[in-house]
Amino acid sequence: MDPQLDLWLIQYDWPGNIRQLENDVEYMVNMAESDVLGFHDLPVYLYQFQAPIHTRGLSLDEMVADYEESIIQNFFLGVKIEKIRKK
């Protein structure tokens, strides 16, 4: 598994808990086109992942900055995934 994907899977909130994780990993293994799982193997709905924003003890400016950073990171993650898919 791509180490960046591994980290991403750990950071994802998994609202469906362990069952969702299990189903999505099974999907990725079954649909993989190579021996190494990568972002291109993720189910499409996971591309919309937004990292949670931690508000405890942060000022409004800090929360806004964190939110903006997460939007930018997710945008570039989406671009990277699309480039990988087009290969």
Side-chain angles (χ1 to χ4, degrees):
M1 180 179 298
D2 179 320
Q4 289 181 336
L5 176 61
D6 189 40
L7 180 62
W8 188 89
L9 291 171
I10 291 168
Q11 292 176 344
Y12 184 68
D13 187 33
W14 297 108
N17 65 44
I18 193 69
R19 288 188 179 137
Q20 181 185 5
L21 171 61
E22 184 178 66
N23 290 337
D24 288 339
V25 169
E26 182 178 350
Y27 169 87
M28 291 168 57
V29 168
N30 288 329
M31 301 302 289
E33 295 178 2
S34 70
D35 292 339
V36 178
L37 293 177
F39 284 100
H40 56 280
D41 296 310
L42 282 171
V44 174
Y45 80 93
L46 286 176
Y47 295 169
Q48 303 303 316
F49 167 63
Q50 294 284 330
I53 296 174
H54 303 285
T55 59
R56 188 178 310 170
L58 297 178
S59 69
L60 179 58
D61 287 340
E62 291 169 323
M63 287 188 285
V64 169
D66 283 355
Y67 182 68
E68 289 172 344
E69 182 180 340
S70 72
I71 290 172
I72 292 167
Q73 288 174 346
N74 283 306
F75 170 78
F76 285 112
L77 174 62
V79 169
K80 182 177 181 178
I81 290 170
E82 287 306 312
K83 283 183 180 180
I84 291 170
R85 282 187 164 261
K86 290 180 181 179
K87 287 186 179 180

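What you are looking at is a predicted structure, and each value in this text was computed from that prediction instead of being measured.
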- Task: Give a yes or no on whether Met31 atom CE has more than 12 heavy-atom contacts from other residues, nucleotides or ligands under 6.0 Å away.
- Result: no

- Item | Candidates Trp14, Tyr45, Tyr12 - the one meeting side chain to side chain donor-acceptor pair (under 3.5 Å) with Asp24 | Tyr45

- Could you check if a side-chain atom of Asp6 sits within less than 4.5 angstrom of a side-chain atom of Leu37, using non-hydrogen atoms only? no

- Using the rule that two of Ile, Leu, Val, Met, Phe, Trp, Tyr join whenever any of their side-chain heavy atoms come within less than 4.5 Å, decide whether Phe39 and Val36 are in one cluster. no

- Item | Closest non-hydrogen atom pair, Met1 against Leu9 | SD-CD1, 3.8 Å

- Any link between Leu7 and Met28 through a network of hydrophobic side chains (Ile, Leu, Val, Met, Phe, Trp, Tyr) touching at under 4.5 Å? no

- Okay, side chain of Asn23, backbone of Gln20: is any donor-acceptor separation there less than 3.5 Å? no

- Item | Verdict with reasoning, Leu21 to Val25, per side-chain contact (heavy atoms from CB on, under 4.5 Å) | CA-CA 6 Å; Leu21 171 61; Val25 169; 3.8 Å; yes

